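Working notes, beginning with the structure itself.
Order of appearance sets the numbers: ligands from 1, and atoms from 1 within every ligand. Please read these numbers as outputs of a predicted model, since none were measured by experiment.
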Amino acid sequence: MTRITLPRPDDWHLHLRDGAMLTGVLPETTRHFARAIVMPNLVPPVVTGAEAAAYRARILAALPAGAGFEPLMTLYLTETTDPADVAAAAASGLVKAVKLYPAGATTNSHSGVRDFDKVRGVLEKMAEIGLPLCVHGEVVDPAVDIFDREAVFIETVLDPIRRATPGLRVVMEHITTRDGVDYARAQGDDLGATITTHHLILNRNHILVGGIKPHYYCLPVAKREHHRLALREAATSGEARFFLGTDSAPHVDPLKECACGCAGCFTATNTMQLLAHVFEEEGKLANLAAFASENGPRFYRLPVNTATLTLEKTATPASWPAKIETGAGPVTVFDPGFPVFWHAID
Ligand code: DOR
Ligand code: ZN
């Protein structure tokens, strides 16, 4: 197969930032994607319905002319989040999910949750109204090795929260381990899991062997090869619980290429071309629509897009800019390290 047409894909986990960075990176997403779940980890974070409405307005104002793109807003869960505000923001259709960052787990997560008992009321309200909780699934205990933080989180935090809150709909965001795949598969349809493009391509050797590669550093950090293979099998399986969340996370180059570099891979520009490559390698191109276009809307109880995106394989490698020049500075586009012959016809 050298040509494939999908319902227009959505990105179920995306960082758009704000201001000049937002304006610079937004066209990279709207070129191929119809909708995205927009992460709320701004500085300060997007905590209330009013803040989400204002952020949504800034995104709409930054849209390139003619872009048919819908930002799906999220709220950043804090220990003082008001359940009534969450419920009102969900009822109005503004907010599609609430994001849980364990405090200290990643970029701008210091306002996140330390004591899970303090968010019990919000989680119960969310279970009642069916609003999904998007979870950054890593423990922050310094005694836990960074490569084990996802597996330990599943056992010691995620599973207890789900048991204590029956009916809570949860998205395990950006799973990076076989443990994550296995856990997701053992649950009912109240649990979904997103997988990023870069975790289908990178293992931890790619980050560390032959010199440190700051543009391959993200959180959760890429794991051993057998975990990457489990993610590829899950993503390409067509199973309804697995769907695309790129976690495309722009940082300007000086903040990546330095002594204490930020976490994040910027994949908005070339995700669809890379996914076509990966799904073809796995012999599963026919399941790309399920992963990128169908399973996400089904979990979020939204319609599949009627517009389409066509991907075509040619003898000429696809090309994209090495960097996106934003008003905030240059952002390096994810380099898979191999040629890609799939092109997106936008
Ligand atoms: O790599 C990451 N970058 N992981 C996250 O969880 C946050 C994100 C960011 O906001 O830069
Ligand atoms: Zn993220």
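With respect to atom 7 (C) of ligand 1, the closest heavy atom belonging to the protein is T106 OG1, 3.3 Å.
At a 4.0 Å heavy-atom cut-off, ligand 1 touches H136 through the side chain alone. Of all the heavy atoms of A263, the ones lying under 4.0 Å from any atom of ligand 1 are found in both the backbone and the side chain. Residue contacts with ligand 1, taken as heavy atom pairs separated by less than 4.0 Å, involve D247 solely via side-chain atoms from C-beta onward. Residue R17 touches ligand 1 through its side chain alone, judged by heavy-atom distances below 4.0 Å.
The contact set between ligand 1 and C218, taken as ligand atoms under 4.0 Å from a residue heavy atom, comprises 1 (O). Taking every heavy atom of A249 and a limit of under 4.0 angstrom, the matching atoms of ligand 1 come to 3 (N), 8 (C), 9 (C), 11 (O).
Within the 4.0 Å heavy-atom shell around ligand 1 one finds H251.
Linking ILVMFWY side-chain heavy atoms closer than 4.5 Å, directly or via other members, places L302 and L191 in two distinct hydrophobic clusters. Hydrophobic clustering, with ILVMFWY side chains joined whenever heavy atoms are under 4.5 angstrom apart, groups M272 together with F338. Hydrophobic clustering of Ile, Leu, Val, Met, Phe, Trp and Tyr side chains at less than 4.5 Å, counting indirect connections, keeps V135 apart from L72.
Protein atoms that are N, O or S and lie under 2.8 Å from the Zn ion (ligand 2) are these: H13 NE2, H15 NE2, D247 OD1.
A donor and an acceptor atom, one from each side chain of H343 and T314, are located under 3.5 Å apart.
For residues 64-85, the pairs satisfying salt bridge (Lys or Arg N to Asp or Glu O under 4.0 Å) are E79-K118, with sequence neighbours left out. Residues in residues 189-227 take part in these ring pair (Phe, Tyr, Trp, His ring centres under 6.0 Å) pairs, two or more places apart or across chains: Y216-F334. The list of side-chain hydrogen bond (donor to acceptor under 3.5 Å, both in side chains) pairs with a residue in residues 292-304, not counting sequence neighbours, is empty.
Residue-to-ligand polar distances place G264 within reach of ligand 1: an N/O pair is separated by less than 3.5 Å. Below 3.5 Å of separation, one finds an N or O of L219 facing an N or O of ligand 1.
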Checklist entry - Going through the checks in order, is the side-chain contact (heavy atoms from CB on, under 4.5 Å) test met by E28 and F266? => result CA-CA 10 Å; E28 302 305 301; F266 183 71; 3.9 Å; yes
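A donor-acceptor pair is defined here as one N or O able to donate and one able to accept, closer than 3.5 Å; such a pair exists between the side chain of Q187 and the backbone of Y183. Panel note: side chain N41, backbone T107; a donor-acceptor pair is recorded below 3.5 Å. For the pair E282 (side chain) and R232 (backbone), a donor-acceptor distance under 3.5 Å is absent.
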